[in-house]
Asks: 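One structure follows; several queries about it will come next.
Sequence positions, counted from 1, serve as the residue numbers for this chain. Values below: every heavy atom of this structure, side chains too, minus hydrogens, waters and symmetry copies.
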Amino acid sequence: MATMTSLIGLINKIQRACTVLGDHGGGGLSLWEALPSVAVVGGQSSGKSSVLESVVGRDFLPRGSGIVTRRPLVLQLHKTEDGQQDYAEFLHAPRKRFTDFVAVRQEIADETDRITGKSKQISNIPIQLSIHSPNVVNLTLIDLPGLTKVAVEGQSESIVQDIENMVRSYVEKPNCIILAISPANQDIATSDAIKIAKEVDPSGERTFGVVTKLDLMDKGTNAVDVLEGRHYRLQHPWVGIVNRSQADINKNVDMILARKKEREYFETSPEYGHLAHKMGAEYLARLLSEHLEIVIRQRIPSIIALINKTIDELNAELDRIGRPIAVDSGAQLYTILEMCRAFDKVFKEHIDGGRPGGDKIYGVFDNQLPAALKKLPFDRHLSLKNVQRVVTEADGYQPHLIAPEQGYRRLIEGCLGYFKGPADASVDAVHLVLKELVRKAIAATEELKRFPTLKSEIATAANDSLDRFREESRKTVTRLVDMESSYLTVEFFRKINLESETTPGRNTPNNPNPNLDNYSDNHLRKIGSNVNAYINMICDTLKNSIPKAVVYCQVREAKRSLLNRFYVQVGKKEKEQLGTMLDEDPALMEKRTQLAKRLELYKQARDDIDSVAWK
C-alpha cells in the first residue's frame, strides 16, 4: 500500500507541475492527459458536490440552486501523516495556505466569478485545488459542471451543449476514469451521467457508477437491482452513497460524523445491509484509489515512452533556438563568430544555388544587360546628318584628304560613352540582388533569431561591404569602357580598307577615287557603317567582360570577404559590448526558460516514476 500511495501521490505531483507549466493540452497528447485521473460527471442536483465532500471529509464546495459548478475543479488529494492539520492550496494563489475550509469555498466562488463574472455562464478554464489531509487517499478528481437539459434565465441558449462538450472533452480521453453520479430517486435509464458514459465508454471499462440519495427514495422502493448490477451492468461495482441531509448541512454537521452516520445507515438497513461493506464514501475513495493504482501501472510503459519522446523534442527545440550563452568574453566572441559563420553559410548557399536567389545574378547578365545594349541609340548617333556634323567639325578648316580619321575617332568615342549606362546598371542590379540575398540569409539563419541586436549588426556590416564592392565594381566596368576609348583596334580598320581595295567595281571611270567627294551621302554612309561594325565588335566584347568584372568585384568578394571588416571590429570589442550584441529577444528568453522547466519536469517525472513504479 505504501508503494501505491507514493505512486499515486507522484502522479498528483506531476499533474500539478504540468499545470503550473501550462503543459496540459495543445498539439498531441500532453503528459497531463497521459496521466490517469477521475472525472466526476452527473446532472445538476445529482449530489456530485456532496460525493466529493464525503470523499474529502470536508465541507468546502459552493452550494446553491441551479448551476453552481461553472468551471472545472481539478481536486488533488494528498494523504498526510496522522495528526497533521488539514490544509488547502490553490494554484492561482501558490503562497497562501488555507486551513479554514469556509474560506476555501469562498475562494472557489471568487475565482469562478473572476473568469465568468457574476453570471450563470461557464468557462473551461479549470481551478486547481490541492487538499492535504490524513483523512483522504491520494487521488485526482475533476469536478465538472452538472449536465442540464434546459437553459435558465441568464444563460445562453447554447449552455446545454456547451456543458456537454466540456464534459466530453474530459471523459473522451482514454486515460480518464469516469465517476458517473446518478440520484436514486430518478430512473437510472434517464441518468445524464450514465448516458454520456455509455457513449464514450461503451464497454464500461472506465466507468464507476455511484448512486446517491438512497435515503430519499419513496417508501417501499430501493436501488438494490442497480447496486447489484442487474439493472445496468458495469465492469466495476456500483457504490451507494448517503449524502448529508439539508438539515445536517444547515447545522454544519461535521463530515467525519456524516461518514459515521452513513456507515450506520448501510449497516442497519434491511435493504442494503448485505452490501454495507462496499457502500459509502470511504469505500468509494479506496476503490477509486486502488483502481487508479492498477491503471497507472498499466500505463507506465506508455507514459515513459511519451516522456522520452517529449524529452527528445524539447532538447531538439532548445538546440534549435540555442542554449544559454556563457558570460565570459571568450564564449561570447565564439558565439558571435559562430552566428556569423552560420549566416555566411546560408548566404553562400543562396549564391551558389543551394537556395533560391543566385540565379537572378545570371538573369542580369543573360537578359538585362543584352536588352540594355540593344536599346543604345547608335542609329541616331550614326545617322547621315550626325556623321556629317561630327566629321565636318573634326576636319576643321581643312577637309580630310583620304579618310576622316579624327571623325572616326570622335564618332567611336561618342558611341563608347553610351556603354557606361548599361555597365553601371548591371553593377546596380547585381548589388540589389546581393542585398536581397543578405536579407533572405539573415531571415533564414535560425541561430540569429535569438539575437536581434547581433542580427541587425551583421546585416548592416554585410550591406556596408556590398556598398564597397559595388563602388569597386563600378570603377572596374568604367575602366573597361574607358580602355576601349583609349586605344582603338587598328587591325579592324586596316582590314576594312583592304577589303575595299580588293572589292571589284570600287574604282570606275566615272568615279576613279570615291574619296574625292568627302561629304557625299555614300561616303558618309560608309563611315557610319564602319563605325557601327566596330561598335558591334566592342559591344560583343563588353557583353562578356562586364559580367566577369561584376562577378569578380562583387559576387566573388561577397563570398570571400563579406564580413571581414566586421570580424576585425568584433575582435576589438570589450566584454560589455559583446554582451550587448548578444542581447536576446525577451520573448525567446522566456520561451527557453519555459522549455528548460518543462524539460526538467519531464526528466524528474521519468526518474521519479522509475524510482517507485517497480518496487
Asks: Could you tell me which non-hydrogen atom of N530 sits nearest to which non-hydrogen atom of F492, and how far apart they are?
Replies: O-CE2, 3.7 Å
Asks: Do I127 and V74 have side chains that approach each other closer than 4.5 Å (heavy atoms only, starting at C-beta)?
Replies: no
Asks: Salt bridge check, R114 against E111: does any charged N sit closer than 4.0 Å to a carboxylate O?
Replies: yes
Asks: For P452, is there any backbone N or O sitting under 3.5 Å from a side-chain donor or acceptor partner on S456?
Replies: no
Asks: Show the numbers, then the answer: is there a side-chain contact (heavy atoms from CB on, under 4.5 Å) between R450 and K455?
Replies: CA-CA 9 Å; R450 61 187 291 200; K455 179 179 175 180; over 6 Å; no
Asks: Looking at M166, is its backbone amide N or carbonyl O close enough to the side chain of S169 to form a donor-acceptor pair, meaning the two atoms are under 3.5 Å apart?
Replies: yes
Asks: Can you see which heavy atom on V364 is nearest to which on P370, and at what distance?
Replies: O-CD, 4.3 Å
Asks: Under 4.0 Å between a side-chain nitrogen and a carboxylate oxygen: does that hold for E446 and K449?
Replies: yes
Asks: Mind checking ring-ring contact (aromatic ring centres under 6.0 Å, His included) for H132 and listing every partner two or more places apart, or none if nothing turns up?
Replies: H78, Y87
Asks: Working to the nearest 0.5 angstrom, can you tell me the gap between S545 OG and R479 CZ?
Replies: 13.5 Å
Asks: Would you give the length of the straight line joining atom CZ of F343 to atom CZ of F566, rounded to the nearest 0.5 angstrom?
Replies: 10.0 Å
Asks: Please confirm whether the ring centroid of Y552 lies under 6.0 Å from the ring centroid of F469.
Replies: no
Asks: I'd like to know if the side chain of H350 reaches the main chain of P356, judged simply by a donor and an acceptor atom lying under 3.5 Å from each other, with no hydrogens or angles considered.
Replies: yes
Asks: Does any non-hydrogen side-chain atom of F347 lie less than 4.5 Å from one of T445?
Replies: no
Asks: I'd like to know if the side chain of N522 pairs up with that of R525 as donor and acceptor (distance under 3.5 Å, no hydrogens or angles considered).
Replies: yes
Asks: Applying side-chain contact (heavy atoms from CB on, under 4.5 Å) to I535 and Y418, what does each step give before you reach the verdict?
Replies: CA-CA 11 Å; I535 292 302; Y418 289 123; over 6 Å; no
Asks: What's the shortest heavy-atom distance between F419 and L542, and which atoms?
Replies: CG-CD1, 3.5 Å
Asks: So do the side chains of S426 and Q368 get within less than 4.5 Å of each other, counting heavy atoms only?
Replies: no
Asks: Between atom CG of D366 and atom CG of D359, what is the distance when rounded to the nearest 0.5 Å?
Replies: 11.5 Å
Asks: Hey, does R355 have a side-chain heavy atom less than 4.5 Å from the side chain of V346?
Replies: yes
Asks: Hey, mind stepping through S473 and Q554 against side chain to side chain donor-acceptor pair (under 3.5 Å) and telling me if it holds?
Replies: CA-CA 6 Å; S473 183; Q554 290 175 263; 2.8 Å; yes
Asks: Closer than 4.0 angstrom, basic N to acidic O: yes or no for K591 and E317?
Replies: yes
Asks: Salt bridge check: are E349 and K345 linked by an N-O gap of less than 4.0 Å?
Replies: yes
Asks: Write down the atom of A549, the atom of L480, and the distance for their closest heavy-atom approach.
Replies: CB-CD1, 3.8 Å
Asks: Mind checking the OG-CD spacing from S123 to Q121? Nearest 0.5 Å is all I need.
Replies: 10.5 Å
Asks: Measure the shortest side-chain to side-chain distance between E557 and R468 over non-hydrogen atoms and say whether it is less than 4.5 angstrom.
Replies: no
Asks: Taking everything shown except Y362 itself, do over 12 heavy atoms lie less than 6.0 Å from its OH?
Replies: no
Asks: Quick one: do D113 and R70 satisfy salt bridge (Lys or Arg N to Asp or Glu O under 4.0 Å)? Show the steps, please.
Replies: CA-CA 9 Å; D113 290 344; R70 290 181 286 124; 2.7 Å; yes
Asks: Walk me through whether L434 and L562 qualify under side-chain contact (heavy atoms from CB on, under 4.5 Å).
Replies: CA-CA 11 Å; L434 291 173; L562 187 64; over 6 Å; no
Asks: Could you check whether any side-chain N or O of K572 sits under 3.5 Å from a backbone N or O of V568, counting only pairs where one atom can act as donor and the other as acceptor?
Replies: no
Asks: In terms of heavy-atom contacts, does CZ of R565 have more than 12 from other residues, nucleotides or ligands at under 6.0 Å?
Replies: no
Asks: Should L73 and I142 count as side-chain neighbours, where that means a heavy-atom distance under 4.5 Å?
Replies: no
Asks: Not counting sequence neighbours, which residues clear side chain to side chain contact (heavy atoms under 4.5 Å, CB included) with D482? List them please.
Replies: K420, T478
Asks: Is there side-chain contact between P547 and L369, with at least one heavy-atom pair below 4.5 Å?
Replies: yes
Asks: For residues T112 and R71, is any side-chain donor paired with an opposing acceptor at under 3.5 Å?
Replies: no
Asks: Do L75 and T140 come close enough that some side-chain heavy atom pair is under 4.5 Å?
Replies: no
Asks: Please report the interatomic distance CG(L314) to CD(E600), rounded to the nearest 0.5 Å.
Replies: 11.5 Å
Asks: Between K360 and E436, is there a salt bridge with N-O shorter than 4.0 Å?
Replies: no
Asks: Between E313 and K309 (salt bridge meaning N to carboxylate O under 4.0 Å), is one present in this structure?
Replies: yes
Asks: Tell me whether N532 contacts the main-chain N or O of G528 through its side chain, where contact means a donor paired with an acceptor under 3.5 Å.
Replies: no
Asks: First locate atom CG of L448, then atom OG1 of T453, and finally report the distance between them rounded to the nearest 0.5 Å.
Replies: 11.5 Å
Asks: Counting only heavy atoms not in D379 (residues, nucleotides, ligands), do more than 12 fall under 6.0 Å from its CG?
Replies: no
Asks: To check you understand the geometry: which heavy-atom pair defines the closest contact between A462 and L563, and what is its length?
Replies: N-CD2, 4.1 Å
Asks: I need the minimum non-hydrogen distance between L578 and Q332, along with the two atoms involved.
Replies: CB-OE1, 3.6 Å
Asks: Under the side-chain contact (heavy atoms from CB on, under 4.5 Å) criterion, do R474 and D428 qualify, and how do the steps go?
Replies: CA-CA 9 Å; R474 197 188 306 281; D428 290 335; 2.9 Å; yes
Asks: Where do Y408 and Y534 land on the ring-ring contact (aromatic ring centres under 6.0 Å, His included) test, with the steps shown first?
Replies: CA-CA 10 Å; Y408 268 104; Y534 183 78; 9.4 Å; no
